[in-house]
Enquirer: 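Can you read through this structure? Questions will come right after.
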2 protein chains.
Amino acid sequence: MSGAATREQIVDAADRLFYHRGYEHTSFADIAAAVGLSRGNFYYHFKSKDAILDAVIEARLAGTRHMLEQWESQQPTPDGRILQFVEIVLTNGTDIQQYGCPVGTLNTELAKLGHTLHGQARGLFTLFRDWLREQFTLLGHGEQADDLAMHVLAFSQGVAVLSHTFRDEEFVRREVDRMRDWLSTYRK
Amino acid sequence: MSGAATREQIVDAADRLFYHRGYEHTSFADIAAAVGLSRGNFYYHFKSKDAILDAVIEARLAGTRHMLEQWESQQPTPDGRILQFVEIVLTNGTDIQQYGCPVGTLNTELAKLGHTLHGQARGLFTLFRDWLREQFTLLGHGEQADDLAMHVLAFSQGVAVLSHTFRDEEFVRREVDRMRDWLSTYRK
DNA sequence: GTCTATATATTGATAGAC
DNA sequence: GTCTATCAATATATAGAC
């Protein structure tokens, strides 16, 4: 197998396992088993667990950038784009119920561990934050755009934590409806 | 040292360490060192790590019940009590910035681990949920009281996750202000 | 590039002396 | 009730054959 393909498989498996089980609870053996590699060969591709985490975060950053670009091309209006973000708690509802928000849970875990890569992980939030701020600016709310962006982010995290804890889909729907109403007051 | 006192010390130390560093990242050795006990003697008091976690959750449940009773005696009105809860993200602002919400982060970690005691930990949320629902019922919003209670809980979790990630106190203040405005529309 | 074998540290947990 | 000594399992990580 070519090096690039194996590396990609490792990052994919690690990404999924870190999300489903948490970073610390995932061992090299788990990732190696998921890819079908021996533990020994693993270090040919990544020299440390931090290196894998770094690659996973990079992959998530790239994936997020791609998703935001798609949203921009699919949704012509800024409020449509913000709504697309808000509805992610429904779109990814099953995953969030089972594993929480991939961005929030990773940041919480790395912050608590005092991990050196927490700054990198925070970048995932910053990506959404800046993008949301841009949409609110386009809606004519430049002065409070960052505040509004953070409010939308807080919504997503609050819903994700409680959805993960209580596994109640109706609660998620009600919160999205509430957010839709709130958002309509900021529409052009 | 008497058995009860040592046990209490262990639970206190474990409670703090589980909060600050996470459950899985905290080892027996860490707790034993914090209390000043040898690892060996540890098992005289608790036979497993799960048993300590169980005791910690029980202690938190008792502490939370006590706090809610205090709030009830200090705040005569239901909206004053709800506001007391909302402002906890400011009252405990420093801790939340450093370690997140003790209830939310524990629930997220245990849910992801698929830990048998996640149900117990969920009880911490349920305690707040039921108490908030009662306050909203007293305000005359019986039919949607649980929905409103969950909304307030979601607020607290969203703010806690982002405060933990970005360590921005001004953001917390703005969110509390927003919540105060929202709450005023449900006041008698 | 992949494997087996191994080193080293730490984990949760036990046995038995005092 | 507290200690030291120890166990078995698992963790990250390395060495070297193929």
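Not measured: the values here are computed from a predicted model. Every chain is numbered from 1, with letters handed out A, B, ... down the list of sequences.
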Enquirer: Which of residues 24-39 of chain B have a heavy atom under 4.0 Å from DNA chain D?
Expert: L37(B), S38(B)
Enquirer: Please give, in whole Å, the distance from dA13(D) P to H45(A) NE2?
Expert: 16 Å
Enquirer: Using the rule that Ile, Leu, Val, Met, Phe, Trp and Tyr join whenever any side-chain heavy atoms are under 4.5 Å apart, tell me whether L138(B) and F85(B) fall into a single cluster.
Expert: no
Enquirer: Between N41(B) (CG) and dG1(D) (P), how many Å, whole number?
Expert: 10 Å
Enquirer: Nearest whole angstrom, please: distance from the P of dA11(D) to the CD1 of I52(A).
Expert: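 After rounding, the reported distance stands at 13 Å.
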Enquirer: Can you measure K47(A) atom NZ to dT14(D) atom C1' for me and round it to whole angstrom units?
Expert: 14 Å
Enquirer: Are Y186(B) and H141(B) close enough that their ring centers fall under 6.0 Å?
Expert: yes
Enquirer: Expressed in angstrom and rounded to an integer, what is the separation of D50(B) atom CG from dT11(C) atom P?
Expert: 17 Å
Enquirer: Quick one: stems involving DNA chain D, counted as three or more successive Watson-Crick or G-U pairs, both distances short of 3.5 Å.
Expert: C:1-7 with D:12-18, C:9-18 with D:1-10
Enquirer: Would F28(B) and Y43(B) count as a close aromatic pair, with their ring centres under 6.0 Å?
Expert: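 Yes, close enough.
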Enquirer: I need the minimum non-hydrogen distance between S156(B) and V89(B), along with the two atoms involved.
Expert: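 Smallest interatomic distance, heavy atoms only, reads O-CG1, 4.2 Å.
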Enquirer: Could you state the atom-to-atom distance from OH of Y23(B) to P of dT11(C) in whole Å?
Expert: 14 Å
Enquirer: Does the pair H115(B) and D50(B) meet the rule for a side chain to side chain donor-acceptor pair (under 3.5 Å), with working shown?
Expert: CA-CA 9 Å; H115(B) 199 288; D50(B) 283 6; 3.1 Å; yes
Enquirer: Just to be sure I understand the geometry, which residues of residues 13-20 of chain B put a non-hydrogen atom under 4.0 Å away from DNA chain C?
Expert: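 Nucleic-acid contacts, sorted: none.
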Enquirer: Looking at A55(B) and R7(B), what are the two nearest heavy atoms and their distance?
Expert: CB-NH2, 3.9 Å
Enquirer: In whole angstroms, how far is the P atom of dC18(D) from the OH atom of Y44(A)?
Expert: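 So the OH-P distance, Y44(A) to dC18(D), works out to 19 Å.
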Enquirer: Provide, to the nearest angstrom, the distance between the NZ atom belonging to K49(A) and the C1' atom belonging to dT10(D).
Expert: 12 Å
Enquirer: Taking all non-hydrogen atoms of both residues, which atom of T6(B) and which atom of L37(B) are closest, and how far apart?
Expert: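 Looking at all heavy atoms of both residues, the closest pair is CG2-CD1, 3.8 Å.
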Enquirer: Please collect all salt bridge (charged side-chain N to carboxylate O under 4.0 Å, His left out) contacts where either partner lies in residues 163-182 of chain B, sequence neighbours excluded, each pair once.
Expert: D147(A)-R174(B), D147(A)-R178(B), E87(B)-R180(B), E169(B)-R173(B), E170(B)-R173(B), E175(B)-R178(B), D177(B)-R180(B)
Enquirer: Check DNA chain C against residues 106-114 of chain B and give the residues with a non-hydrogen atom under 4.0 Å, in numerical order.
Expert: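 Hits under 4.0 Å, by residue number: none.
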Enquirer: Can I get a per-line list of side-chain donor-acceptor pairs under 3.5 Å for residues 102-111 of chain A, giving both atom names and the distance, sequence neighbours left out?
Expert:
| from | atom 1 | to | atom 2 | distance (Å) |
| --- | --- | --- | --- | --- |
| T105(A) | OG1 | C101(A) | O | 2.7 |
| T105(A) | OG1 | K112(B) | NZ | 2.8 |
| N107(A) | OD1 | H118(A) | NE2 | 3.3 |
| N107(A) | OD1 | R122(A) | N | 3.3 |
| N107(A) | ND2 | V103(A) | O | 3.0 |
| N107(A) | ND2 | A121(A) | O | 3.1 |
| T108(A) | OG1 | G104(A) | O | 2.9 |
| E109(A) | OE1 | Y23(A) | N | 2.9 |
| E109(A) | OE2 | Y23(A) | N | 3.3 |
| E109(A) | OE2 | E24(A) | N | 2.9 |

Enquirer: From R60(B) CZ over to Q120(B) CD, what is the distance, rounded to the nearest 0.5 angstrom?
Expert: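 It is 13.0 Å, given to the nearest 0.5 Å.
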Enquirer: Run the side chain to side chain donor-acceptor pair (under 3.5 Å) check on N41(B) and S38(B) step by step: do they pass?
Expert: CA-CA 5 Å; N41(B) 186 26; S38(B) 72; 5.2 Å; no
Enquirer: Should Q97(B) and F166(B) count as side-chain neighbours, where that means a heavy-atom distance under 4.5 Å?
Expert: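 Contact flag for Q97(B)/F166(B) side chains = no.
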Enquirer: I need the minimum non-hydrogen distance between L162(B) and A154(A), along with the two atoms involved.
Expert: CD1-N, 3.4 Å
